[in-house]
Structure formats: C-alpha cells, structure tokens
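Let me begin by presenting the structure, written as structure tokens, before commenting on it.
Quick note: numbers below take in every heavy atom, side chains included, and nothing from hydrogens, waters or symmetry partners. Quick note on labels: first sequence line is chain A, next is B, and so on, each numbered from 1.
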Amino acid sequence: MESRVYLDHAATTPLDGRVRDALVSHLGEPRANPSSLHGLGTAAREVVEEAREAVARLTGASPREILFTGGGTESDALAVLGLARAAVAADPARRHLVVSAVEHSAVRKAAEHLESTGYRVTWLGVDGHGLVDPRELSQALRPETALAAVMWANNEVGTVQPVEELARVCREQEVPFHCDAVQAVGHLPVDVTEVPVSTLAFTGHKFYGPSGVGALYVRDGVELAPVSFGGGQERGLRSGTEDVAGIAALGAAARLAAGEREEWARRERELRDRLVRGATAIPGVELNGHPAERLPNNAHLAVEGVEAESLVLFCDASGYAIGKGSACASAGEPAGGEHKASPVLAAMGQDERRAFSAVRVTVGKDNTPEEIDGFLEAFSGAVAQLRELSPLYAGRG
Amino acid sequence: MESRVYLDHAATTPLDGRVRDALVSHLGEPRANPSSLHGLGTAAREVVEEAREAVARLTGASPREILFTGGGTESDALAVLGLARAAVAADPARRHLVVSAVEHSAVRKAAEHLESTGYRVTWLGVDGHGLVDPRELSQALRPETALAAVMWANNEVGTVQPVEELARVCREQEVPFHCDAVQAVGHLPVDVTEVPVSTLAFTGHKFYGPSGVGALYVRDGVELAPVSFGGGQERGLRSGTEDVAGIAALGAAARLAAGEREEWARRERELRDRLVRGATAIPGVELNGHPAERLPNNAHLAVEGVEAESLVLFCDASGYAIGKGSACASAGEPAGGEHKASPVLAAMGQDERRAFSAVRVTVGKDNTPEEIDGFLEAFSGAVAQLRELSPLYAGRG
Amino acid sequence: MSYRPQVIDHLVRPRNVGELAEPDGSGESGDAACGDIARFSVGVRENVLAEVRYKVYGCAACIAAGSALAELVEGEGLLEAARRSRADLEDALGGPLPEGKEHALTLVVDALHKAFEDYWDRLAGEVLVEGYRGADG
Amino acid sequence: MSYRPQVIDHLVRPRNVGELAEPDGSGESGDAACGDIARFSVGVRENVLAEVRYKVYGCAACIAAGSALAELVEGEGLLEAARRSRADLEDALGGPLPEGKEHALTLVVDALHKAFEDYWDRLAGEVLVEGYRGADG
Ligand SMILES: Cc1ncc(COP(=O)(O)O)c(C=O)c1O
Ligand SMILES: Cc1ncc(COP(=O)(O)O)c(C=O)c1O
C-alpha cells in the first residue's frame, strides 16, 4: 500500500508515540490481575488507580467518579441504560427519555432499545447547523423524565452543543443528564465542575490514546443500575478483569491531553481552517455544521454532484484517507449495507442527495500544512473527475 | 518490589513475548477504524478478519461463528442474556434456565439477574469433586428451558466437566447450551466440532494472550438477541470500534496455542503434579477438586488450620504469587468486602472453614521445577508459622 | 465491506466516460430523486457496438460497474453485447461485489439495455419510416 | 483492597505470638464456628502488663492487628493498656485498614479486653476469697 496521509481522525486517531511507550512498558512481564491479593496484584491495582487519577484530572472529576469500560459505545450504553433503569427502579412512572436527534448510534440505539421496551422518547430536533435549543430541552422535560442525553460535539458535522446551558436546564429540573463527549475530550476543554452533567462518556482512541478502553464519568450521588454482571469490578458497574496496560495507556493519554490539548487544538484549528478555505473555494462545495461552534479538527463538506463513497475512494487512491460524511445507519454490519444516511443530516434539514454528497475530513495534531495543500489538490481533482462522470452535473462537468 | 515467582495463572497469565511482539507491531502508525472506507480502514478490517480465522481455527469454528468482545465476562453475558432474550422473543413461555452451581460470577450473576426479572433458574448441583451429572442436567431440562450453562473447567478448583455429554444432552432436547471455556481454551483441547455447544466464551489473557479482548463462539443458526447497541459491529451483536491491535494479539495467541498447547499442557501438568505431591505431603494439606479430571495447571489446596488470605500474603512475602482458593463473592468490590466464600466449595459440600483455608496455585508454561521446589519450601514454612499462630491448631503447632 | 482492486481500478480510472454527441441509442436507469443514476449512450456500426459511453452518479460500485460494462461490450456484436449478464459483469470486476452493493450490477446493465431498446426503437421507427416512404415514394 | 506495609510486616513477622503457660488472664473473641478467632493471654506484675501473648485464626488484618496490639500494650500500665482504643491500634498499623477489614480491630481489642476482665475477675475472686478468708479467719 502506498504511503497515506491520514485525515480521518474522527474515526480514530493515531496512537501517540508516548502513549504507545507507556502501553508497551506495561506489556512486559509480569502481568497480574488487579483483584489478586499478592504484591503483583496490588501493583496492578495501583497502576489502574493512578490512571484513574489522571483521567479524573483531565475532566475535573474525582477519581472515584471515573469508571473504566471497554470503549465509548459501552460507556454510552452503561450511562443510558443504567440511568434509565435506576430511575424506573426508584419510580416506575419514570419511563420518559429526552434524546437529541443527532446522537451517535451508541446513544440513539440504546434509547431506541428502551423505546421498544416501553419507554417513551422525545427526540429533540436541531437547527440547520445541528444545534439543540436549550429552551426546547427545557420544554421537553417532564416529571417522569428518567434522563436527557445530548452529546458534547457531533461526530459527523462537528457541531458543538451548548452543553453548559443544556446541563443546567436538566440540573434545575433535577433530571439526570448524559453527555457523550467521545469526540470532545482531548480536543475541547471538558470540565465537569463547570458543566453539571450527571454522566459523561469518552474513549482513548479518539484523542491519541488506546483503543478498547473507555471511561464513564458518574457524578457522585448519581444512581446507575448495573447493566452487566460478574466479579464486581469498577464498583460493580463494569465487571471483568481490567485491561491494566490499556488503562495505563488511557491514563498516559489523559496526562498528555491535560498538558497539550490547547496546543493540539490550536494546530488542528489552523489546519482545519486552511482546509475549509481551500475546499470551499471549489464551486459547489460547502461547509456543513456550525461555522464557529465546531470541533477544532472537523471539516464536513457537502460536494454538489458527487457521491461521497466514490469521492472517499478517489482520495484514498491518491493517498489521502478521509471519511464519508454520513455514517451509514448500519456501518460495519455487512448484511445491512442498504444505502441509508444517518439521521444527523436529515435532522439538520438536508435531503438525501446532499447527505450522500458529504465527506468528513478530520485533521490531527501531527498533520502538516503541506499535507493539507496536497490533499486540496487531490480533492479538487477528484471532485472534477467525478462530476465529469455524473449525469447530474451535466453542462458543467 | 523483589522479584517474584508467578503461580497465579488462573487469574491471568503473562503475555507471551511473541504475542507482545504481534501486539506492538500493530501499535505502530497508522491506526485506522476497520469501518472506514479507505485503504487503511480496509487493511485494519483485514487484520481483524485474519485474527478471526486464527481464533476460529483454534476452536474448530468457522470465522463467521466468532465474535470479538471486550473480555470473558462480556462474552458470558452476551451468551446468557442473548440466548435468554432470543428464546423469550420466540416464545414468551421460555423463561427457564438451567445453570450449574459452580459457574464463574460472570455467568452466575447474569443468570441471577434474569432470575430477578422473572426467569426461573434450576441450579445444578455438583458432587464432592465439583462434577455436574449429565443425567441431572437431562432431568432439569424442560420444554420451556431457554438455555443451559455449564462451564468447561472451573476457575477455582480446576475440575473439568463432561462437557461433551452435557452438550449432547442439550442438543438432543434442543436446548441451547452455553459453555464458559475461559479457563479451558489454550490449556485443554477445545473443539466445537466435537462438543456441540451453542455458544462458547473465552478470552486472551488466560492463555498468554492480550487482556481486554474476548471472544464468543456462536454456532451457525443459533439465535442471539443483542444486549448492546451502536454502530452494529460484529454482526450487530457487539457494537463499538474494534480494538484492532488487541484483536490481532488474540489472533496471535490463538495461533500459538494451536501449535503449542499440547506442549504447554504437558509442562503445566508435570509442574502441577510435582507441586501437588510436595504440598500434600504436608500433614493436613489436601487437594480439592477432581483428582484426574482437572485443568493441567491447577492445584487447589485445602490447608487445615490456616486462613487463605494470610497464607497468600505469607507466600507473597517470600516471593511467590499465588491465589486465594475461594474467590470472594465480591472480589474487586471494595465496599462489599464481607468475608464470604464463593458458592463453588459450598456446592461441593465443604464447610466455610475449609473453604477459607484453600489456596489456588496455578502454574504456567514458563515456570520451572526449581521454582516449584522453592515454592514448596516457602509454602511449608508459611503453613507451619500460621498454624503456630492459630488458636485452632492448638496442641499441634 | 471493501472493494476488490479491480473495482477500485475501474473507479479511479473509469473507461469510456462521457456521452456521445450523436448517439444511436441512449438509456438511463435509477432513481433521479435521490438514488444512484446510470446513463449509457451507444454508437452502432453494422451491428457492432462501435462506441459506448456512460455516466454514473452513485456509489463506487456503480461507477466501477459502469466502467467495466462499457469496456466489456465496446466492439462486441450487438446481440452478443445485449446478452451480457450481471454474471459476466461480476467476472469482469474480479468477482462478487460486497454484500449490499449488488444493485450496482443491475443499475448499469439496465441502463445499457435501455440504450439498446432505444436504438432498436429508433431503428424500427426508421424502418417504418423508410417502409412508409418506400410505399409512399 | 490492599494492605499497608506495616500490616504486612506484622503479618509475616508477628510479635508476641503464643500463649502464656500460666496466664493471669486470658480472653477470646470471634466466632469459633466459622469466622475469625483471637485469643490473648496476659501476665501482670505490679499493675503493669508484663507479658502479652496472642493467637489468631483469621484474615491477614486480624493477625497483624493482634501483633500490633500486643506490641503496643506490652510493658504498659494496666489501665493505660485497657484504655487503648481501635484508633490507637489503627495508628500503630500505619492508618485505617482496607474497607471491609475494620472488624479486625474490634476482634483483637475485644479479646484483649476479655483477658483484662478475666484478670480482674480472678483478682476480684481472689480479693473476695481473701476477704472471705479474712472475715472467716
Ligand atoms: C471461568 C471464568 N469465566 C469468566 C471469567 C471472566 O473473564 P474476564 O475477567 O477476563 O472478563 C473468568 C476469569 O476471570 C473465568 O475464570
Ligand atoms: C460521538 C461518539 N460517540 C460514541 C462513539 C463510540 O465509540 P467507540 O466506537 O469507540 O465505542 C463514537 C465513535 O465511534 C463517537 O464519535
């Protein structure tokens, strides 16, 4: 395979070399189970607890408020299902959820699952930029609302929600508020002392950390029902032998992010702006999502007359790895490969054709301006070629 | 920390150096999300699928019958909850489970959770060696049985169940059969073409592979309801971005085990027998579990007049890492540190005092006879000292 | 889900892209409202498919299938070309497409067949007109 | 859950293990049927705790707590020793025990107190007997 420039950081970031070193240093012998009584077990437990402190520090949490999980999806599921079941256990009438229409499938499908088991869900709409309106959230809350869920920043279009206001609305009405911060942590300042979320999900592989390890912040006093069962690790909320090396690596990533996030974001923003300027100079290419309230690394581009899959593969053939703009409703599920856009762009009022014309280009701290310029050249060439191919772009291509 | 001899392989094994190399080789840049369309994503997908083949080959499965999960606990939960929910969805009357009394908490607590939501559970007893009787299983099955679960080999006392017979009983009566093979895979021959299990759980860190990655075998045609929700990875049964490096490492461990398991087991058995001989030569020390039908690496020792925790810590102070014999019912759950033996020894008819006097010494392929001899010396010294301390061993100590 | 190298090759270096200025027949298939669309135009000389051009809006599989189909049939006898099936096209693309992408084969084969029908319709029209003229003249 | 070094030190090198052959008082606490058991025996000379011996069957915390307590009180005045609390013992062990292990403090303090009671009972008995004798004689 030819060498490639990676511009798909929203899908997963590279592993930072320093995090890799931390991970590798924990892969050496001896390995022990943190639940073991002997000294090696105790040492493994200490590694886990040190990582917990680092992760807590990154987000303004106390260590005891941080749970380690198997990833972002699991963190989201534990929060949504756990909050819902705790609420209904306390009061059987509390079977109502408020969930934004632009959630990642991890939250959306957990809510849909609850819906199929008798919960009612109010789906919160968004404006053309993908923003949830705090007043709408406030109006949607009811005495029987078990939880509300709005993500910190959208994984497709990059729009950053007014989470502080949203969380305050929920706090005032005493409704638990779950926030999926998988795309935000390590890229934006995320501080649970400022934003009164009840639970907050994130994962290492989106900010230069390990994959296969996630975290869930659970504010002191917030009740969560367990959704898995076993040895009772992680306060009984996530059983299973801890992946000590992976957890240590998440701790290392958190320490890096705490120190360097601002610098990363500055670089990401510069590269992203360069990219957006260049791309939107091509006729018929527009930026989706909010122009200002967006992730520093995200450029989501609607490309008139072109279908995203082909454009991604064209760019790939020129050495640039970018993403489709609309996550398949059934990504990764080979049997269900129907051509169906995710609900995000639909919720923003875009038609299917425009949804399918969008690509997501997400930069990283280690990309260079030269790479962006090279990409822009390849991109405009690909767009021109595909338009020439298109029966819809007649007269112009 | 002084150097230690590790004899707690049932808790977790060391990572084999070759598996570590495989893992590290996948930690280098670039990392990509296997769901991404571009070439790097495709390459990541291929890594995952190659690992799936290796894992399938180790167990006699087809690759499409292997799902990757976040660990043994998650595999067990997915099987038990997934089979139960699929059964009840097909026929609301199917709310009965048959589960052995000696299951790991991952299976036991999943079954107890179902019990708390209206399923009936028949708990299958065991004999004094920890064996389930296939005739008892057969009698326990009913038309409304949703699943039966008996583990391949017990994680405490090491007893290996007559899984082939048990699985055949279930197949004849058309009841799905889940088998927790977490302690068995990589140590015993585990072949799903010979043992007609419906589902089979295992994980890397128990056979020299990675932690944080598990697998679930799901026989073609067996219906499983999803228990988590999101991007639809792993046939919609385990959503979440795949831990590609971890999965690759599980594949590497599977390849090693396929080639070397017999040799590993031969060495483990030799060391284990040496250990059991030496330990049971001490008066008042007896082997728990089945004398022959047991894991090759497991020595489970009842030590009269001594409490296990103290003995473990004594051995630790002499440089030997061993395990307590009875997993705390609430291991890892700091708030619930009550002194309560797991149900395994109770089910075998042992009283609490004997249960609390048991230690588990589990050898590995890389231990040496000298290490075992050194351990036996430290062990007999520790036993003597603790007996001297004990008001119960009066007259003898 | 990932494509074979043959598919990617046809995608990024598509053959026979475009539209004939004066086609002997042309056809379109697909759903202009939001789905994939394929358009073929053909030039016929002495019952041979002398020229084929295509355009596609749609997923990579559709573009590649259009390219492979155009390459496959150009220069073939008309009836031979009309008998080309989805299976032939699959072979030309190195094997089956990924699950969920099989519709690409149908899309482009349909468009080509419509171009043939258009050709025969025109031909029939001409023959009729000629016959009429002849009868008339 | 893991123990401080001080606890481990008392566990693997326990002080004052054993039973006095002719104790002035002895006491036992705990649940002989299945739980932890502690037994203390004391020797008293002129209101000073001259000798303390203990035995424990139980978890590491119990053994260590017994050892630390015996070390703490040996040589102390009787009343001083009798006033020793769980908090003093915690200090001697370097700080609080892990959650769920606090019962170890109670176990050994109880056993020691019972040994004192036994001593005082015997003393009282002796005094009574002496008094009786005196009254009688
Ligand atoms: C028999 C058995 N089942 C399940 C598990 C759970 O595996 P894990 O802790 O890796 O999730 C274990 C080990 O802890 C085990 O020994
Ligand atoms: C916003 C958001 N939430 C949740 C997830 C799920 O994380 P993971 O796939 O690592 O489980 C992702 C990424 O895939 C995401 O972008």
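- Taking the charged nitrogens against the carboxylate oxygens, Glu76(D) and Arg83(D) have no contact shorter than 4.0 Å, which rules out a salt bridge.
- Salt bridge annotation for Arg39(D)-Glu28(D): present, with a cationic side-chain nitrogen under 4.0 angstrom from a carboxylate oxygen.
- The side-chain heavy atoms of Arg387(B) and Gln385(B), taken from C-beta on, include no pair separated by under 4.5 Å.
- Contact annotation for Ala64(D): neither backbone nor side-chain heavy atoms come within less than 4.5 Å of a heavy atom of chain B.
- Proximity to chain B among residues 6-18 of chain D is limited to Ile8(D), Leu11(D), Val12(D), Pro14(D), Val17(D), judged by heavy-atom separations below 4.5 angstrom.
- Interatomic distance, CD of Glu309(B) versus SG of Cys62(D), reported as 8.5 Å (0.5 Å rounding).
- Proximity to chain D is limited to the backbone of Val306(B), based on heavy atoms less than 4.5 angstrom apart.
- Side-chain atoms of Asn288(B) and Arg354(B) form a donor-acceptor pair, as typed in the model, at a separation below 3.5 Å.
- The closest side-chain donor-acceptor pair between His104(B) and Asn154(B), if any, does not fall under 3.5 angstrom.
- Shown here are the ring pair (Phe, Tyr, Trp, His ring centres under 6.0 Å) partners of Phe207(B), two or more places apart in sequence or in another chain: there are none.
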